[in-house]
Every structure is written in C-alpha cells, then in structure tokens.
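By convention here, the first residue in the shown sequence is residue 1. Every heavy atom of this structure was used, including side-chain atoms; hydrogens, water molecules and symmetry mates were not. Since the structure is predicted, the reported quantities are computational estimates derived from the model, not experimental observations.
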Amino acid sequence: MATKSIKAIFRDWWYFIFIELSVRYSELHWDSIVENVEKMIGCGDPSNGYAEYVCPQCGNKKQVPFTCKSRFCTSCGKIYIDKWVEKIVGNIFDVPHRHLVFTIPQELRKIIFNNRMLIKVMMDCASQAALEVLQSRGTDAVPGMLVIVHTFGRDLKFNVHVHMLITEGGLTTNNQWVDIPFLPYGLLRKKWQYYLLTAIKATLPKTRENTQFIDDLFKRNDKGFYVNAEKKMTSARRAARYIGRYMARPALAEYKIIHYDGRMVTFWYIDHKTGRKITETIEAKEFITRLIDHIPLKGFKMVRHYGIYARRSKSISMKILQSCKRFVQMTIEFIANDSKSLTWRERMIKSFGKDPLICSKCKEEMLLWRIWHPKYGEIFDLSRDGPFEYDIKDKENQTIQDRQNKYIQLELFPI
C-alpha cells in the first residue's frame with residue numbers, strides 16, 4: 001500500500017491535474033493556491049535549503065532541512081496554531097468567554113466560494129450582530145471578540161462558517177466592567193441574518209432574480225440564520241486553547257486518511273448531526289480539489305479581533321482593566337504574560353522526548369556547522385564565519401575535543 005500522507009498524494013497527482021484545476025478559481029486565488037501547494041510539496045526537501053550540524057567529538061553530521069511554514073502543510077500548520085495559541089493565552093482577559101458559531105444556508109455557499117472577499121464581510125457582520133445583541137441588555141459595554149472563519153465542513157466540502165470567542169461582558173464608556181452572562185440567541189440569529197443578507201445583496205448585481213433570491217432567504221429562514229452558542233468557558237486559558245482548534249488549520253488531519261492506493265483516497269470523519277463515524281472513498285483529484293478549495297487568498301486574515309480585542313483599543317483596555325478593583329488580583333499577571341514560543345529544538349524534545357542536537361553516536365551536543373540556501377548559497381560556515389580559525393582536517397581526524405570548550409554554540413531554528 002502506498003503512503004497515506006497528504007504530501008505524497010499531491011506529489012503523485014498535482015502536476016497532472018494542474019491545468020484542469022486552474023480554471024476553477026480566479027487568477028488571484030489560483031496564484032495563492034499554487035504557492036501554498038508547492039511549498040507544502042517541497043517541505044523538508046534538502047534541495048530547498050538546510051542546516052547541517054556536526055558533533056565536535058566524533059565528527060558525525062546531521063542535516064536538518066528547512067520547513068515550508070505554509071499553514072496548508074499539516075505539520076507546519078500545526079506549529080503555526082500552537083504558536084498562535086501560546087501567544088493568545090497571554091493576550092486575552094481572564095473573564096468568562098462564550099464560543100459562538102455563525103452558520104449560513106447552503107444557498108449562499110457558492111456565492112461566497114466565488115467571491116472570497118465576502119468572508120471578511122461575514123466576520124464583520126458576525127461581530128456587529130454580537131455587539132448589538134450584547135448592548136441590547138441595556139448597556140453600552142463593548143466586549144472582546146476573537147473571530148475565526150472556517151471554510152470547510154468535516155467532509156472537506158466548502159461549508160463556510162464563523163467561530164467567535166466573545167467575553168461575557170465588556171467595558172462601558174465609564175471604564176467599568178459589566179458582566180453579561182446571557183445573550184438573547186433569538187435576537188442574535190435575526191441580527192446575523194439581517195446584516196449578512198443586506199451586505200451580500202449590496203455586492204450582487206441589481207437584478208430582479210437577485211432581489212427575489214435574498215427575499216426568499218429571509219422568508220425561508222424566519223427565525224434567522226442558525227447560531228450555536230452553547231459552549232461557555234470560565235477559564236480564559238482554556239478558552240484560548242479551545243478556540244485554537246478552530247484556527248486556520250489544514251482541513252484534514254493525516255491520521256484520518258485510512259488508505260491511498262495511488263488512485264483512490266479513503267478517509268473518515270465524524271458526522272456533525274448524527275455523531276457517527278463516516279468513511280468516504282473518493283478519487284485523488286477530488287480529494288485534492290476539496291483540500292485546495294480552502295486555501296485563502298494571499299494575505300487574507302482568517303483571524304480578526306474586534307471590540308476591546310481590536311489592536312487599536314487593546315492596550316488602552318488593558319490599562320483600564322488593571323485599574324479595576326476586580327481585576328487587580330485576578331488579571332494583572334495574566335494579561336501581562338508574554339508567552340514564549342517554543343523553538344524547533346524544544347518542540348522536538350517536547351513531542352518525542354529526545355534532543356535532536358545530541359549526537360546519536362557519542363551523545364555530545366552538536367554544533368551548527370553549515371547553512372545552505374538554494375538562492376543564496378552557503379550563508380553560514382563555521383570554519384569561515386566562526387569566532388576562531390577552524391581546520392576541517394581537525395574534525396576529520398577527531399582532534400577537536402581538547403578545544404571544544406572554546407566554541408560558541410549557535411543554534412538554528414529552521415521551523
């Protein structure tokens with residue numbers, strides 16, 4: 001049986017179906033897709049650059065290829081999410097949050113698929129609806145809203161929806177924190193529907209058919225568009241890690257691929273409605289199409305901050321909260337926390353319990369010997385750029401041990 005990795009499937013089929021798939025997308029979107037896919041295919045390939053480490057004791061060498069850093073890549077995408085979660089843990093307020101999911105009818109999916117900028121419209125409309133509903137409780141309080149968009153369902157098909165992490169309360173114009181533990185969800189659904197359909201209608205050509213289309217969506221969804229708002233989290237740290245699962249991650253984890261025979265791909269997912277495990281087998285071309293449908297336009301922000309979490313007001317909000325008696329003991333350390341991202345070496349130790357820079361032969365710590373880049377060539381060489389003269393023959397003859405304490409250890413973090 002062939003390997004079950006997503007990278008292997010793309011390597012087998014990408015260049016055969018390249019032209020056929022290109023007509024499915026706008027030119028701008030296709031450029032973004034090609035860039036991400038080709039980065040992913042070349043991830044970990046030494047021909048795309050590498051760092052080389054050497055053991056000063058025995059001369060053993062280890063080559064560490066550069067990674068692609070594309071969020072479409074299953075491994076690099078996970079690293080991106082982990083870093084984001086660690087960062088956001090130290091930058092959200094330690095108050096109860098609620099996780100909201102804003103959905104749309106199936107009839108709107110094709111419109112948004114063909115006009116990806118409407119995704120930002122969805123995010124803006126969700127935040128506007130949530131703000132107005134919260135303020136409908138008789139306050140001018142502004143909450144913190146962290147908004148993330150997903151374009152896929154569990155079956156990998158295009159099913160765009162918005163995830164929001166919102167504080168259960170907000171700051172008033174009098175710089176007071178007000179708790180608002182309940183939102184009228186019926187009103188939230190109607191607000192979400194109204195703002196979204198009004199915004200989409202404004203982007204469509206002004207024809208009788210389009211007007212009728214929007215009117216029908218209002219009539220058929222007389223209770224508004226569905227919003228799931230059941231998940232409440234009292235711990236801000238847990239909330240940040242929870243919402244991290246909904247970050248701009250690859251649409252499918254590789255462990256869900258059961259079989260790939262070079263032509264057909266079998267994968268599984270849990271049906272959202274029934275909770276049952278569904279196994280599906282599709283052609284490799286269809287599998288690739290479903291995955292690349294979810295690659296965003298280059299530079300498009302799939303995560304946005306609103307309210308007191310918006311960048312322009314975040315620092316001011318932090319200062320205000322630190323002056324509130326309720327937050328003095330509860331939050332000062334928390335909101336001042338500057339989470340440190342793990343390095344490549346630290347992630348490897350954490351994941352596998354093994355230091356990748358300890359020589360497998362003699363157990364000495366390895367030194368950075370060389371960095372090579374396909375465009376710039378050799379951009380670092382210890383014998384050339386180190387703080388002392390380094391004779392390569394010494395390494396080959398293993399006579400470095402008596403001088404190894406003079407070395408300045410340089411670490412490369414290729415990921």
Side-chain angles (χ1 to χ4, degrees), residues 4-10 21 24-25 33 36-37 40 70-78 80-82 84-85 98-114 116 118-119 122-123 126 146-165 189 192 196 221 225-231 233 239 241-260 264-296 300 302-303:
K4 296 182 290 186
S5 75
I6 290 175
K7 187 185 298 184
I9 298 170
F10 273 82
L21 289 180
R24 180 178 172 86
Y25 310 92
I33 289 171
N36 278 274
V37 169
M40 182 269 292
S70 167
R71 278 178 280 175
F72 182 64
C73 176
T74 52
S75 57
C76 294
K78 183 180 184 306
Y80 174 86
I81 294 169
D82 290 345
W84 181 88
V85 170
R98 190 168 290 271
H99 177 208
L100 312 178
V101 183
F102 296 79
T103 67
I104 62 173
Q106 188 171 357
E107 296 93 327
L108 289 176
R109 294 176 190 173
K110 185 176 181 180
I111 293 174
I112 296 173
F113 180 89
N114 292 326
R116 296 301 174 105
L118 285 174
I119 292 176
M122 289 182 64
M123 301 169 87
L146 186 65
V147 179
I148 300 167
V149 68
H150 263 189
T151 57
F152 51 87
R154 298 182 181 184
D155 59 359
L156 306 184
K157 294 178 181 178
F158 192 81
N159 180 9
V160 61
H161 52 282
V162 173
H163 293 268
M164 177 186 292
L165 190 65
R189 292 181 60 166
W192 162 236
L196 182 61
N221 300 274
F225 292 163
Y226 182 69
V227 178
N228 185 325
E230 296 179 358
K231 194 70 176 181
M233 287 152 285
R241 293 191 172 95
Y242 179 85
I243 203 69
R245 304 187 318 180
Y246 298 94
M247 273 290 295
R249 58 179 173 82
L252 182 72
E254 289 196 326
Y255 71 86
K256 293 185 177 180
I257 301 176
I258 300 172
H259 182 74
Y260 168 58
M264 306 295 291
V265 181
T266 301
F267 65 97
W268 65 271
Y269 61 91
I270 301 298
D271 184 83
H272 182 71
K273 294 181 179 179
T274 65
R276 295 176 57 187
K277 182 177 180 179
I278 305 295
T279 300
E280 186 171 356
T281 299
I282 56 178
E283 291 185 347
K285 174 192 167 185
E286 173 63 20
F287 180 78
I288 289 173
T289 302
R290 289 195 194 181
L291 289 182
I292 66 175
D293 275 351
H294 311 296
I295 295 177
F300 186 86
M302 303 292 279
V303 181

Test: R154 cationic atom under 6.0 Å from F152 six-membered ring centre, within 45° of axis: no
Do [X] and [Y] have side-chain heavy atoms sitting under 4.5 Å apart?
X: Y269; Y: L156; result: no
X: Y25; Y: I295; result: no
X: I104; Y: I112; result: yes

Taking the six-membered ring for Trp and the single ring otherwise, decide whether the centroids of F72 and F10 are under 6.0 Å apart. yes
Let me confirm one number: the [atom1]-[atom2] distance from [X] to [Y], rounded to the nearest 0.5 Å.
X: R24; Y: F113; atom1: CZ; atom2: CZ; answer: 4.0 Å
X: F102; Y: M164; atom1: CZ; atom2: CE; answer: 4.0 Å
X: M122; Y: L108; atom1: CE; atom2: CG; answer: 8.5 Å
X: N159; Y: D293; atom1: CG; atom2: CG; answer: 12.5 Å

Does the plane of the ring in H163 sit parallel, tilted or perpendicular to the ring in H150? Use 30° and 60° as the thresholds. perpendicular
Pick from I9, I288, L252: which one makes a side chain to side chain contact (heavy atoms under 4.5 Å, CB included) with V265? I9
Consider only side-chain N and O atoms of T151 and H294, and report whether a donor and an acceptor are under 3.5 Å apart. yes
Could you list the donor-acceptor pairs under 3.5 angstrom formed between side-chain atoms of residues 275-284 and any protein atom two or more places apart in sequence or on another chain?
unit_1 : atom_1 : unit_2 : atom_2 : d
E280   : OE2    : R290   : NH1    : 3.3
E280   : OE2    : R290   : NH2    : 2.9
T281   : OG1    : T266   : OG1    : 2.8

